[in-house]
Structures are given as C-alpha cells and as structure tokens.
Amino acid sequence: MSMQYRTPSRLGRPLSVIGQGCWQIGADWGEVSDESANAVLEAALGAGITFFDTADVYGDGRSEQLVGAMRERLGTGAEGGAAAGLPFIATKVSRRADPFAPETFTEEKLRDWVERSRKNLGMDTLDLVQLHCPPPAIYREDRVFDVLDALAAEKKIAAWGVSVETCEEALISLEREHLASIQIILNPFRLKPLDEVLPAAEAKGVAIIARVPLASGLLTGKFSPGTRFAENDHRRFNRHGEAFDQGETFSGVDYGTGLAAVGPRPPGHAGAVPR
C-alpha cells in the first residue's frame, strides 16, 4: 500500500498522512542509540513519510539534532524546503520554561527557544513551530502569539501551531487568525476531538496532528502483563503523571485496562520482550 498525501491549506505543501514522531529518538523511551535512531528515520523516509515531528526538549535537543542531520544528508540543509524535496519538520518549543508558568513565556525566551531549534535543525526558516502544551492561561494571551507572528514575518518560522492537552484548548486556539495546526491526542482511546475539534479545524483549514496515535504502543497489541519497561522509559515512570501530563503515557489509560481493551494477542504472537 503506497503512502497517501494531503495538503493542509495553512501549511501549503503535500504531507504524508502518517508522520514520524521523534520523541523516542531523543529520550524517555529507554536507551536508543544513534544507530537505532538513524535507522528509524531512514525507514520512515523509505516508507514515503515526509512529515517529522520533534521538540526542543526531546533529549535536550538530541532529537532535533538527529532530525537535522537527516535533513542535511538529504540535500541542501538550511535552504530548499519543499523545492528541494526535503521532509517537512515540525518542532515544538516552550517546555524549557522554568518555572513552567505564564510569566516565563517572555518574548526573549520565545526567541531564544526558536533560535536554539534553528541551530539544532540547521534550518534558517523552521517549517512549523508549535507551542508545546503551554500553561492554559497562555491560550488567552495575545502577547505570545504576537511574538510567533513576528517570527513568521521575519521568516525565522514559516508557520506556527499549538500542541494541546484538551479539546477546550484546541477550540480556544482556533480563534487565532494565523494558527496553522493543532496537535492533540487522538486514537481509539481518545475520540473526543472527533466531536468538535476536527470539524472546526477542517472548516478553517487548520491541520490536525494526531498525538500518541498508538497510545504509547498499547494499540499495537505487542504488550502483555509481563512486559517490563526500562527505568528511563516514560511508560514505566509516568504511568500516573509523575513527570508530566498522564495523557502522554498510554493516553492516560490504566495499563491493565488498556491491555484488556486491546484484547488478547493472536496465537503465536511473540509480543514485547520483557526487561
């Protein structure tokens, strides 16, 4: 089956309907060597994937650097974009804020975060920059979005979007004139966005990026009650939201409940190797 492509009107270029998430090549999914990370990226390219999603905090920049190196290997590096057949790179900023509070989202810090991503990715103009699940109050504050508009006018970013935790945050974001995309948890465990968010986004030409589409692997059917995850894997250390939003691990679903919902593995299915 060949890859399908769509062209979101506010992103302006054809993108593969399946994207490659790049959190796991940065950190928080157990040990992933550079060799394994590059093999994942090359396999994605080979499958026709042209959309890659990363963030500045994934491995404190490691994920962005690996994705940037992949892009450099493919061609022109800093320039070229769609004209050179380079993949579309979506990154995210703002989780570096410390403390993670609205007052820390200053213009200086927003610009610093974007500059850091430009350097990590080796891109003069970032294809898409998304606010990375900011504090809820930020969605109502014009000042942050004014900075994003200014960065777009300066051609440091081509477009901006938001990565959200809730449908309410998504709907508030859709009030923004220049919003290009919304990233939201969407999978068979989390179908609420289908009710209002997707129709509203479609009506405005805003792209939807499905977060956690396989519920951190639960929906693959590869796990069992005996599966063990490494200590530095969020599927072990964040099951109850100990480190960040619980929804980002197994979509917030209790592990045992999720296994029962997925159902028994087919006979002879090896499953994950316990560790």
Are E175 and R140 close enough for a salt bridge, meaning some N to O gap below 4.0 Å? yes
Please confirm whether the ring centroid of F229 lies under 6.0 Å from the ring centroid of W29. no
Can you find a side-chain donor-acceptor pair between E248 and N238 that sits under 3.5 Å? no
Basic-acidic side-chain contact under 4.0 Å: E42, R73: yes
For A201, the side chain to side chain contact (heavy atoms under 4.5 Å, CB included) test, sequence neighbours excluded, returns L174, V206, I208
Does the pair D60/R96 count as a salt bridge with the N-to-O cut at 4.0 Å? yes
From D233 CG over to R239 CZ, what is the distance, rounded to the nearest 0.5 angstrom? 9.0 Å
Pairs meeting criterion side-chain hydrogen bond (donor to acceptor under 3.5 Å, both in side chains) with involvement of residues 97-107, two or more places apart: E107-R111
Taking atom CG of L15 and atom CD1 of I49, what is their separation to the nearest 0.5 Å? 12.0 Å
Measure up the F244 and H234 rings against each other and bin them: parallel (under 30°), tilted (30 to 60°), perpendicular (over 60°). tilted
In terms of ring plane angle, is the pair W113 and F105 parallel, tilted or perpendicular, where the classes change at 30° and 60°? perpendicular
Are S163 and Q130 close enough that a side-chain donor and a side-chain acceptor fall under 3.5 Å? no
Going by atom types alone, do S251 and N187 pair a side-chain donor with an acceptor below 3.5 Å? yes
In short, T54 meets S63 closest at the heavy-atom pair OG1-OG, 2.8 Å
With no hydrogens and no angle check, do the side chains of D149 and W160 hold a donor and an acceptor under 3.5 Å apart? yes
